[in-house]
J.: 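I'd like to ask you about the structure that follows.
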Amino acid sequence: MKIVTINGQNHHGSSYHIGKEIANQLEGEITEFFLPKDLNGFCLGCYNCLKDETKCYMYEKKKIIWDAMEQADLIIFTTPNYCMYSSAPMKSFLDFSFDMWMVHRPKAWMFKKKVVIVSTSAGASNKTAINTIKSSVKGWGVSYIKTIGKAVHANKWDVIPEKDKKVLDKKINKVVKDLKKNKPVKISLSTKISFKFFGFLHKKDWDSDPCEKEYWNEKGWLDKNRPWK
């Protein structure tokens with residue numbers, strides 16, 4: 001199994017350690033990225049990516065990560081809870097995926113990916129931090145999404161109370177057990193409905209840019225072709 005881990009921080013904190021443990025238990029080929037070290041910038045909202053993704057000023061650095069994601073069987077996202085949301089570098093990374101959303105120019109390979117999202121905090125809920133990533137991932141067309149969120153009552157991995165580590169172990173083992181079944185991704189009904197709806201919008205020329213309809217036409221998605229087949 002090829003695994004790509006995208007960490008929303010440069011340091012090796014609690015979220016990182018959980019993602020690392022999942023990857024280690026799966027005994028796969030692991031590629032790690034750290035934000036902002038591996039993608040230090042912000043989306044400018046220039047729309048250049050809709051016409052030609054190579055025109056993005058961060059394209060070369062983005063491509064390294066996208067290429068690794070394309071080759072991966074599993075993508076793990078980790079982020080600490082920063083002010084109730086994902087880290088700023090993680091949000092910036094997600095902003096750079098704007099053109100990959102189903103409504104625009106989705107990547108066919110993304111529909112068959114498996115994703116795990118991890119977020120920890122000192123004491124607050126991790127729901128909004130996780131959902132920041134989850135909404136983007138679903139927008140890319142991913143159906144298989146597992147999440148681990150936990151208030152660890154500590155700001156460093158080494159000082160997490162034993163009772164919290166036991167809870168984390170159970171969460172990790174549950175995710176790993178499911179992934180080890182190695183079942184093909186089943187495309188969710190919500191993904192199929194969204195895809196059909198966005199196709200309808202393109203047929204009506206309700207695009208952000210005419211090139212979006214051209215892209216869908218080239219793929220045959222406005223007819224009966226589907227990226228997951």
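Residue indices begin at 1 and follow the sequence shown. Please read these numbers as outputs of a predicted model, since none were measured by experiment.
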J.: Please check: side-chain N/O of Ser121 versus main-chain N/O of Ala124, any donor-acceptor pairing under 3.5 Å?
T.: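 Checking the backbone N and O of Ala124 against the side chain of Ser121, a donor-acceptor pair under 3.5 Å is found.
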J.: Under the salt bridge (Lys or Arg N to Asp or Glu O under 4.0 Å) rule, what do Glu32 and Lys20 come out as? Steps first, then yes or no, please.
T.: CA-CA 9 Å; Glu32 292 183 315; Lys20 187 70 171 179; 3.5 Å; yes
J.: Should the pair Lys196 and Phe200 be classed as cation-pi, given the thresholds of under 6.0 Å to the six-membered ring centre and 45° from the axis?
T.: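 Here Lys196 fails the 6.0 Å and 45° test against Phe200.
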J.: Exactly one of Met110, Lys107, Met102 should register a side chain to side chain contact (heavy atoms under 4.5 Å, CB included) with Trp140. Which one does?
T.: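 Among the candidates, only Met110 passes.
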J.: For Glu70, is the CD atom crowded, meaning more than 12 foreign heavy atoms sit under 6.0 Å from it?
T.: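 Counting other residues, nucleotides and ligands, CD of Glu70 exceeds 12 neighbours.
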J.: Using modelled atom types only, decide if a donor and an acceptor are shared between the side chain of Ser97 and the backbone of Leu94 within a distance under 3.5 Å.
T.: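 Yes, Ser97 side chain to Leu94 backbone: donor-acceptor pair under 3.5 Å.
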J.: Does any non-hydrogen side-chain atom of Lys229 lie less than 4.5 Å from one of Asn225?
T.: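 Side-chain contact under 4.5 Å: no.
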J.: Judged by atom type as modelled, is there a donor-acceptor pair below 3.5 Å linking the side chain of His202 to the main-chain atoms of Glu214?
T.: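 Pair absent, no side-chain N/O of His202 close to backbone of Glu214.
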J.: Are Asp95 and Lys91 within salt-bridge range, i.e. N to O under 4.0 Å?
T.: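 Yes, this pair counts.
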J.: If you define the side chain from C-beta out and look only at heavy atoms, does anything of Leu168 sit under 4.5 Å from Asp164?
T.: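 They are not in side-chain contact.
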J.: For the hydrophobic clusters of this structure (ILVMFWY residues joined by side-chain heavy atoms under 4.5 Å, transitively), does one cluster hold both Phe42 and Ile6?
T.: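 Phe42 and Ile6: separate clusters.
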J.: Please enumerate all residues that pass ring pair (Phe, Tyr, Trp, His ring centres under 6.0 Å) together with Trp66, with sequence neighbours excluded.
T.: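 With sequence neighbours excluded, Trp66 shows a ring pair (Phe, Tyr, Trp, His ring centres under 6.0 Å) to Phe93, given in chain and number order.
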J.: Taking the side chain as C-beta and beyond, is there a heavy-atom pair between Phe198 and Trp101 under 4.5 Å?
T.: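 Counting from C-beta outward, Phe198 and Trp101 never come under 4.5 Å.
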J.: With a cutoff of under 4.5 Å between side-chain heavy atoms, which Ile, Leu, Val, Met, Phe, Trp and Tyr residues group with Met84?
T.: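 Members alongside Met84: Tyr85.
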J.: State, yes or no, whether a side-chain contact exists between Val137 and Lys113 at a heavy-atom distance under 4.5 Å.
T.: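 Answer no - side chains too far apart.
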J.: Hey, are the side chains of Val115 and Ile133 touching, using non-hydrogen atoms and a 4.5 Å cut-off?
T.: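 When only atoms from C-beta onward are counted, Ile133 and Val115 do not touch, as no gap falls below 4.5 Å.
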J.: Does any part of the side chain of Ile187, heavy atoms only, come nearer than 4.5 Å to the side chain of Ser143, both counted from C-beta?
T.: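 Yes. Closest side-chain heavy atoms under 4.5 Å.
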J.: Is the centre of the Phe195 ring less than 6.0 Å from the centre of the Trp221 ring?
T.: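 Phe195 vs Trp221: aromatic centres under 6.0 Å.
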J.: Is any NZ, NE, NH1 or NH2 atom of the basic residue among Lys114 and Asp73 found under 4.0 Å from an Asp or Glu carboxylate oxygen of the other?
T.: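 Salt bridge flag = no for Asp73 with Lys114.
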J.: So which of Tyr215, Trp216, Phe98 actually passes ring-ring contact (aromatic ring centres under 6.0 Å, His included) with His104?
T.: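 The passing option is Phe98.
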